[in-house]
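Below: one structure, written as structure tokens.
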Amino acid sequence: QVLASDLATEADKQAVREALVFYASTLWDDDHAPLAVPAGVNLGTANMPVQQQNYREMYALYLANHPMMRGRTEGVGERALNMVRSTINEHGAHMGCTHYIGAAMGPLLSTLQQLKQLGVLDAFREEPRLKKYAEFEMNLCTPPDPRFNNRRVRPAIGDSEPGEATEFLGQLATAYADIDPNLSARLMGAWKQAGKPESDFHGATILKIDESLPEADPQLTSAHFEGWYSVLRFGWGTPNETAAWFVNGGFYRDHASNDLGEPVIYALGAPLSLDFGTMYSPHSPGGFVHSVVLPEAAIGAEWTQNPPDVTKGPRWGQPVTEEFKAGAREAWSRARFSMGETTWTRTVKVAMLRDDLPAIGIRDEFGGAGAAESKIFLLNLMAEGPVETPGGPANVGEGFNLPVGVSRLRFTGQTFDKHPTGGIDWDLYVIAETPQEAFLAQYEHKNRGGERQAILRLRGTGRFQVVIVPWFKGTSPPNVSVTAAGGTVTVAAGATKANF
């Protein structure tokens with residue numbers, strides 16, 4: 001930009017040329033950063049070689065006519081396409097957690113834009129994975145989050161922090177403007193609803209996003225991206241917007257936590273159940289602080305430990321999506337996971353009994369050698385204060401027993417100043433085939449944004465099943481009935497009902 005500017009002096013331009021050559025010679029020196037030779041140097045996590053190679057490619061393209069770069073610009077396009085195909089699967093899912101998508105994709109996306117700008121390669125036209133990836137990125141947009149000035153952000157999953165949004169929406173909108181104007185407009189709309197985020201990670205994105213492009217509302221619904229997540233979404237763009245992400249794929253691997261099988265839930269425009277988003281302060285990889293089910297013997301701590309040890313709890317493996325269905329009023333996703341000889345099958349479902357009355361269900365079943373062993377169901381909840389149980393109020397650090405049948409637990413949700421009603425409260429119904437023990441734990445951190453959540457734990461040897469029915473603060477709890485018969489749970493509001 002400086003070299004092309006009418007405002008820069010010749011001395012300015014010469015200083016830029018010298019800096020350019022200095023950095024290019026450093027990054028392309030295998031004694032400094034050995035990428036091209038077998039030096040026995042660990043190249044880091046999965047995103048790091050992608051970063052480093054694209055730093056090199058940027059300078060090679062800048063200095064294509066410099067003697068230093070003789071032969072180095074050959075194959076840049078082919079290498080970029082190979083990196084797209086290794087970091088994004090055929091369904092559009094990226095390998096990274098929601099934060100570390102950026103570490104690999106930032107430099108690579110910039111290289112792809114640079115190649116397009118130079119007329120060397122238009123990967124956005126040639127590689128269908130990139131269009132599917134654009135949908136993958138848009139579908140990570142949360143409802144307008146009242147914690148972050150009602151911007152649409154990414155849910156923090158894996159080594160990620162709360163409140164992050166991505167500039168990639170704007171870059172992709174710019175890249176697709178001449179190929180798919182409708183997709184470009186939806187991406188531009190999503191970028192603006194996310195607060196028009198920019199970055200200087202790989203050169204300032206203000207120079208890579210054409211903010212004057214037409215925009216359209218993304219109008220997102222439910223979607224599935226094999227290898228990473230399903231999202232069950234209703235009421236887009238309304239105060240009733242409800243969305244649940246189900247982490248159910250094994251292509252997601254870079255900076256992943258022990259979180260396979262976790263749901264992240266927003267209901268009626270408010271966060272209800274989140275990943276903790278501590279990233280490194282403290283690093284919290286353990287399944288014991290994620291909304292999963294763990295064999296009690298595998299946790300490595302007492303199941304009633306409070307606050308929980310954030311390093312405890314293993315990761316399930318071998319994820320298989322068994323079903324994804326989405327309709328006008330309800331959607332669900334079912335996936336199977338394995339740990340040793342035990343299989344865990346989880347179904348997450350969202351049903352809209354009315355436009356302003358969602359019901360969210362989680363159902364867990366087990367098979368294999370460890371199916372009858374004691375397990376702990378964990379669910380993070382953005383709640384505060386005591387919980388109303390069938391036996392009276394329960395506070396954090398207290399346990400209580402739940403009988404066979406349907407038990408209602410009433411939670412008070414946290415208050416958010418920028419939510420239209422201050423947030424939500426909800427009833428959580430536990431459906432037990434055999435008696436279960438329950439315990440309320442809590443965890444909080446002071447990393448960027450900070451977060452405090454209650455953790456509902458259930459202990460049992462059979463199936464776990466819960467249904468959550470939220471409502472706006474300041475309104476009366478909805479008149480619903482929850483019944484269980486023949487293995488089916490039915491939630492009814494008047495003549496409208498849904499089965500879980």
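Taking 4.0 Å as the cut-off between side-chain N and carboxylate O, Glu296 and Lys375 do not count as a salt-bridged pair. Under the 4.0 Å criterion applied to side-chain N and carboxylate O atoms, Arg186 and Glu135 are assigned as salt-bridge partners. Under the 4.0 Å criterion applied to side-chain N and carboxylate O atoms, Arg154 and Glu137 are assigned as salt-bridge partners. Between Asp159 and Arg253 there is no salt bridge, since none of the side-chain N atoms of the basic residue sits less than 4.0 Å from a carboxylate O of the acidic one. Here Asp145 does not pair with Lys418 in a salt bridge; the nearest charged N to carboxylate O distance is not below 4.0 Å. Remark: Glu330 does not engage Lys325 in a salt bridge, criterion side-chain N to carboxylate O under 4.0 Å. Electrostatic pairing of Arg363 and Glu365 counts as a salt bridge here, judged by a charged N lying under 4.0 Å from a carboxylate O. Salt bridge absent: Lys208 and Glu167 never bring a charged side-chain N and a carboxylate O closer than 4.0 Å. Using a cutoff of 4.0 Å between basic side-chain nitrogens and carboxylate oxygens, Asp178 and Lys116 are scored as salt-bridged.
Below 30°, between 30° and 60°, or above 60°: for Tyr59 and Tyr23 the angle between ring planes is below 30°, a parallel geometry. Under the 30°/60° scheme for interplanar angles, the aromatic rings of His202 and Tyr55 are found to lie parallel. Ring geometry for Tyr229 versus Phe136: interplanar angle of 30 to 60°, hence tilted.
In this structure, Arg152 forms a cation-pi arrangement with Trp236, its terminal cationic atom sitting closer than 6.0 Å to the ring centre and no more than 45° off the ring axis. In this structure, Lys349 forms a cation-pi arrangement with Phe500, its terminal cationic atom sitting closer than 6.0 Å to the ring centre and no more than 45° off the ring axis. Geometrically, Arg315 engages Tyr252 in a cation-pi contact, judged by NZ or CZ lying under 6.0 Å from the ring centre and within 45° of the ring axis.
In the model, Thr205 has no side-chain atom that pairs as donor or acceptor with a side-chain atom of Asp200 under 3.5 Å.
Within 6.0 Å of CG in Asn65 there are 12 or fewer heavy atoms belonging to other residues, nucleotides or ligands. Heavy atoms of other residues, nucleotides or ligands lying less than 6.0 angstrom from CD of Glu90 number more than 12. More than 12 heavy-atom neighbours from other residues, nucleotides or ligands sit within 6.0 angstrom of NZ on Lys13. Summarising the local packing, CG of Leu118 is surrounded by more than 12 heavy atoms from other residues, nucleotides or ligands at distances under 6.0 Å. Other residues, nucleotides and ligands place more than 12 heavy atoms under 6.0 Å from the CD atom of Glu322. In Glu126, the CD atom is crowded: over 12 heavy atoms of neighbouring residues, nucleotides or ligands sit closer than 6.0 Å.
Listed for the Tyr443 side chain is no donor-acceptor partner under 3.5 Å among the backbone atoms of Pro308. Here the side chain of Thr98 pairs a donor or acceptor atom with the backbone of Pro155 at under 3.5 angstrom. Judged by distance alone, with hydrogens and angles left aside, the side-chain atoms of Asn139 form no donor-acceptor pair with the main-chain N or O of Val231 at under 3.5 Å.
When every heavy atom of Ala104 is checked against every heavy atom of Val50, the shortest pair comes out as O-CG1, 3.6 Å. Minimum interatomic distance between Asp275 and Asn380 (heavy atoms only, all atoms of both residues): CA-ND2, 4.5 Å. Here the shortest heavy-atom pairing between Trp344 and Gly261 reads CH2-CA, 3.8 Å. For Ala270 against Ile424, the heavy-atom pair with the smallest separation is CB-CG1, 3.9 Å. When every heavy atom of Asp364 is checked against every heavy atom of Val293, the shortest pair comes out as OD2-CG2, 3.4 Å. Taking every heavy atom of both residues into account, Ala244 and Val350 meet most closely at CB-CG2, 4.0 Å.
Rounding to the nearest 0.5 angstrom, the gap separating the CZ atom in Phe288 from the CG atom in Leu294 is 8.0 Å. The CD atom of Glu164 sits 12.0 Å away from atom OG1 of Thr142, with the distance rounded to the nearest 0.5 Å. The CZ atom of Phe225 sits 10.0 Å away from atom CG of Asn89, with the distance rounded to the nearest 0.5 Å. Atom CG in Leu458 sits 8.5 Å away from atom CD1 in Ile376 (nearest 0.5 Å).
Contact check for Thr347 versus Ser333: no side-chain heavy atoms found under the 4.5 Å cut-off. The shortest distance between side-chain heavy atoms of Phe276 and Pro162 does not fall below 4.5 Å.
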Chi angles and distances behind the ring pair (Phe, Tyr, Trp, His ring centres under 6.0 Å) call for Phe251, Trp228: CA-CA 6 Å; Phe251 192 76; Trp228 218 117; over 10 Å; no

